[in-house]
Structure formats: C-alpha cells, structure tokens
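Here the structure comes first, spelled out in structure tokens, and everything after it is commentary.
Hydrogens, waters and symmetry mates are skipped; everything else that's a heavy atom, side chains included, is used. When a residue number appears, it is its place in the shown sequence, counting from 1.
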Amino acid sequence: MDLYAPAKLKSMGHKQLQEARADIMQEISDLEAVRNRSSVQEVGLRNLRASLEIASDILAERGDGVLRAGGGSGGRPVHDPLELPRGERLRQERRQEQRDHARYMTYRAIDGSPVYAVGSGQRYSDIPGMTPSEDPHAIGNLVRAALTGNRSGLSAEVSAALSEGALTQGGYAVPSVLSSSVIDLMQANSVLVNSGMPVINLTSDNLTIARVTSVPEFSVKIENQEFDESDMTFGAVKIVPKMIGCLIRASLEVIEDGPNFPALIEDTIAKAFAAQIDNYGLNGVAGTQSPKGIFAETDIASTDVAAASLSWLSLSAASLAVKNRNHMPSVALMTPTREHALLESVDLQDRWLGPPPTLANTTILSSTQVPAAKEIIGDFSQFVLGLRNGFRLDFTDVGAGAFEKNQRVFRVYWRGNFAVLDETAFQVINVT
C-alpha cells in the first residue's frame with residue numbers, strides 16, 4: 001500500500017507515524033481474524049507486517065518505547081498499551097470494541113459494559129478475551145494424565161492445570177483456556193444452540209441485562225396540538241449461574257491403552273453436556289425455580305391443538321402469531337416423531353405435502369428433549385444461555401461397582417443458566 005511505503009513512513013511526523021502504526025496493527029488484526037484468506041490477502045498481510053516492522057523501528061529510534069519479543073530488531077513488535085498516548089489508546093480501544101461488536105453478539109450489562117456471546121456457527125473460544133488452547137485434546141489428555149499418573153508429552157497448559165489440583169482433594173479446576181474447546185463441541189451438538197440460542201460468556205457470578213418491555217407508539221401531530229404521550233418502559237433480565245453437570249464412566253483399560261481416548265472423552269463430555277443443556281433449557285429442573293426451562297415460562301403465549309389436527313397449517317398459524325408480535329420466527333422445534341410425521345404428510349393422491357410459503361424461512365428441528373405434548377416456534381436469539389467459563393473434573397473408582405469393574409467415574413460440572421429476553425418472540429403449541 002502506498003500509505004505504508006517505507007519512504008512515506010520515514011517522512012511522517014512522530015504523531016502521524018504513531019497513528020499510521022496503530023492503523024497498520026488494526027489491519028493486521030482484521031486480516032489475521034479471517035480464517036480462509038485468499039492469496040491476495042496473504043500478500044497484503046505480509047506487506048503490512050513488513051510495514052509494521054519499519055514503522056516500529058523508526059519510532060524506536062525516536063524513543064517511542066517499542067518492545068520486541070525475543071529482543072533485537074528482528075523480533076515481533078509488542079506494544080504496552082499504557083505506553084501509548086491516552087488519546088491513541090482510547091481510540092484503539094473504541095475501534096477494538098466496535099470490531100468485536102460487529103463480529104459477535106453483544107449485550108449490554110446494566111452497568112453499560114459489553115458482554116459477548118456466540119451463536120450457531122461461531123466458536124465460544126473465539127469470544128474476545130478468550131485464549132483457546134493450542135492442545136487439540138487438552139481435556140482428554142488432562143483426564144488420562146490425572147488417572148494414570150503418566151504426565152509425559154503434556155502441553156504446558158495441561159501440566160499447569162494438573163499442578164493446580166490434586167486427585168486426593170476431589171479433582172481439578174479446569175481453566176477457561178482448556179474448557180472453551182469442549183464448549184465449542186457442546187455448541188455443535190446442542191439443538192438449542194443450532195436453533196439460534198446465543199451462548200453468553202459470563203464474566204461474573206450474576207449478569208443483569210437491560211431490556212425494553214414496552215415500546216413507544218408514534219402518532220401524527222395535529223397542528224397547534226400536543227403529541228400523544230407514549231411511554232417506553234424498561235426491565236431487566238438477571239442471569240444467576242447454577243450448577244450444570246453430568247457423570248461419565250470409563251474402564252481403566254480404555255483410559256490407559258486407547259489411542260483415541262483423549263478425543264473420545266472430549267466428545268463424550270461435549271455430547272452429554274449438550275443433552276443436559278437442551279433438557280434444562282427446554283424443561284428446567286423439576287422442583288426448583290432455576291433453571292426454569294422455556295416451556296415453563298408462563299408469559300409465553302400458547303395454542304392448544306388436538307394431536308389429530310397437527311399439520312403444516314397449525315404450525316403456520318403459530319408462526320403468524322409470532323409475526324403479529326413483530327418477530328420473525330426462525331425455528332420450529334418438536335419431537336423427532338412429530339417431525340417425521342409432519343414431513344411424511346401427503347394429500348389425497350399420496351403426494352408429499354411440503355411446508356407452505358409462510359414457513360419458507362423457518363427451519364424445522366427436532367430433539368428427544370422436547371416433551372411429547374409440546375412444540376415451540378420462534379426467534380431463539382431471544383433465549384440465551386449464560387456460562388461461567390471453566391469447569392471442574394472430579395474422579396472416583398468407588399461406588400456403583402466401579403472398583404470391582406476397574407472403572408473410573410467422571411463428574412463434570414459447569415455453572416450456567418438460561419434467560420428469556422423477550423417472551424413475545426415465541427409461541428408454544430400444546431398438543432391435546
């Protein structure tokens with residue numbers, strides 16, 4: 001780029017060069033975030049890195065305080081944000097926040113701070129502030145090392161996690177750098193996440209999100225008369241994380257000898273976790289108030305339909321109810337049996353009946369966690385899961401015949417909870 005040509009950089013004043021360097025760093029960051037870069041983008045990235053080196057060298061000569069990883073002029077430039085002028089630092093922070101807002105779902109806590117979330121097709125480990133593990137099977141390797149005592153060949157991250165806990169004390173607290181990869185796998189297996197439910201990274205033990213509960217109505221003003229008064233009212237949704245966990249059993253022989261054990265245990269944990277997320281998110285926990293479950297939300301509108309009358313038309317009617325409340329339903333969720341029956345429906349000439357045009361933008365999904373007497377349609381971006389990243393692994397060989405069978409039982413648990421941001425975005429069908 002001409003702007004970042006060496007001669008151009010050298011001719012810049014000190015402040016102008018600092019701003020140019022900040023812009024270069026921003027462009028590098030944007031390009032590095034692109035997963036499948038084209039050859040043109042790769043060339044551009046190399047040129048930008050070279051320009052950054054030149055700009056950093058010039059500023060270092062001028063006493064700008066540029067640090068270099070590894071020392072010398074050949075290292076990668078590293079900037080301590082506190083060394084930048086306050087105005088430039090704030091400008092970089094604003095640009096970073098704007099870029100994060102564009103890339104991820106962003107909610108505002110009641111204190112105004114941003115809270116990031118990801119939806120279907122995005123990775124929890126990519127949320128701003130996360131540092132995904134470089135070990136592709138970190139959790140599986142941690143489990144194997146904890147149970148067998150063999151710590152050879154472990155990554156530094158797994159070794160650090162093992163040093164923080166002791167099996168005699170009940171287990172290990174798994175840091176976010178390791179657990180986020182399992183949450184990524186959970187997302188891929190959760191029907192609620194695939195329906196559009198965002199997963200929020202909770203940065204505290206409770207989160208309060210502001211929401212509008214009543215929108216103002218606009219009206220035509222008559223000359224020399226006052227506007228009609230219409231209030232906008234605000235409410236709040238509070239997410240307080242609760243314990244969410246599961247038990248997994250495995251033989252010591254598989255743990256010690258199975259070459260695919262690390263990948264297998266991570267997949268098992270993720271699928272069991274996803275099943276419980278879907279169960280609690282849909283049905284809640286019996287006898288408690290939280291997690292409540294979306295079907296237990298009394299403020300969500302519902303329609304009673306006889307089982308014999310269930311059809312594409314009854315689903316379309318529920319979709320219309322959501323649209324009349326100014327939402328666009330994206331997913332209809334039901335049992336696998338009902339989905340199968342709906343997709344197999346035929347007319348009097350045995351021709352397949354597909355969904356009507358009114359459901360053209362609605363995806364039909366199914367889950368065994370949906371109750372037999374329920375269906376739901378709506379915009380699932382208005383139903384969220386908040387997770388406190390990091391989880392705990394406990395192990396035992398006592399009880400339920402585990403010792404006699406040479407087995408180990410894993411207890412895995414996170415802290416999280418659900419919240420409906422807007423009840424009017426859903427319509428429940430009660431099958432009578």
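A donor-acceptor pair is defined here as one N or O able to donate and one able to accept, closer than 3.5 Å; no such pair exists between the side chain of D267 and the backbone of A263. For R338 (side chain) and A372 (main-chain N/O), a donor-acceptor pair under 3.5 Å exists by modelled atom type. Although no hydrogens or angles enter the test, the distance criterion places a donor-acceptor pair under 3.5 Å between the side chain of N194 and the main chain of S190. Using modelled atom types, one side-chain atom of S56 and one backbone atom of L52 make a donor-acceptor pair closer than 3.5 Å. No donor-acceptor pair under 3.5 Å is formed between the side chain of R151 and the backbone N or O of V158. Of the possible polar contacts, one joining the D278 side chain to the L192 backbone as a donor-acceptor pair under 3.5 Å is found.
For the pair D135 and L142, the minimum side-chain heavy-atom distance is 4.5 Å or more. M197 has its side chain within reach of I277: a pair of non-hydrogen atoms, C-beta onward, lies under 4.5 Å apart. Considering only heavy atoms from C-beta on, D379 stays 4.5 Å or farther from V322 through its side chain. At a threshold of 4.5 Å between non-hydrogen side-chain atoms, the residues L185 and Y124 do not count as touching. Using a 4.5 Å cut-off on side-chain heavy atoms (C-beta onward), I183 and F391 make no contact. Side-chain contact between E375 and L333 is absent, with no heavy-atom pair separated by less than 4.5 Å. With a 4.5 Å cut-off on side-chain heavy atoms, K323 and M328 count as touching. Within the 4.5 Å cutoff, the side chain of V384 has heavy atoms near those of the I239 side chain.
Atoms CG and CD1, on L48 and I24 in that order, are 7.0 Å from each other to the nearest 0.5 Å. For the atom pair CZ of R144 and CD1 of I255, the computed distance is 9.0 Å after rounding to the nearest 0.5 Å. T424 contributes atom OG1, which lies 7.5 Å from atom CD of Q382 (distance to the nearest 0.5 angstrom). In this structure, CE in M243 is found 12.5 Å from CH2 in W414, a value given to the nearest 0.5 Å. How far CZ of R388 is from CG of N201: 8.5 Å, rounded to the nearest 0.5 Å. In this structure, OG in S179 is found 11.0 Å from CD1 in I269, a value given to the nearest 0.5 Å.
Classified by interplanar angle (parallel below 30°, tilted 30° to 60°, perpendicular above 60°), the ring pair F418/F383 is parallel.
Residues D304 and T432 have side chains that never bring a donor and an acceptor to within less than 3.5 angstrom of each other.
Nearest heavy-atom pair, S330 versus S195, reported as atom, atom and distance to 0.1 Å: OG-O, 4.2 Å. In plain terms, the two heavy atoms of H137 and P262 that are nearest each other are CB-CB, 3.8 Å. Of all the heavy atoms in I429 and S314, the pair that sits closest is CD1-O, 4.1 Å. Contact between Q122 and A117 at its shortest, heavy atoms only, is OE1-O, 4.4 Å. Nearest heavy atoms, E266 versus G140: OE2-N, 3.2 Å. The heavy-atom pair separating T335 from P371 by the smallest distance is CG2-O, 3.5 Å.
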Which is it for Q369 and V191 under the side chain to side chain contact (heavy atoms under 4.5 Å, CB included) test, yes or no, and what are the steps along the way?
-> CA-CA 9 Å; Q369 305 299 335; V191 69; over 6 Å; no

Step-by-step side chain to side chain contact (heavy atoms under 4.5 Å, CB included) determination, I377 to L359 = CA-CA 11 Å; I377 186 170; L359 295 173; 4.3 Å; yes

Verdict with reasoning, M334 to L342, per side chain to side chain contact (heavy atoms under 4.5 Å, CB included) = CA-CA 10 Å; M334 60 194 68; L342 191 62; 4.1 Å; yes

Any chance you could lay out the side chain to side chain contact (heavy atoms under 4.5 Å, CB included) test for F273 and N189, step after step, and finish with the verdict?
-> CA-CA 9 Å; F273 185 33; N189 287 281; over 6 Å; no

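Atom NZ of K238 is surrounded by 12 or fewer heavy atoms from other residues, nucleotides or ligands within 6.0 Å. More than 12 heavy atoms of other residues, nucleotides or ligands lie within 6.0 Å of CG in D205, so this atom counts as buried by the packing criterion.
A side chain to side chain contact (heavy atoms under 4.5 Å, CB included) with V428 is found for exactly one of T303, I294, I300, namely I300.
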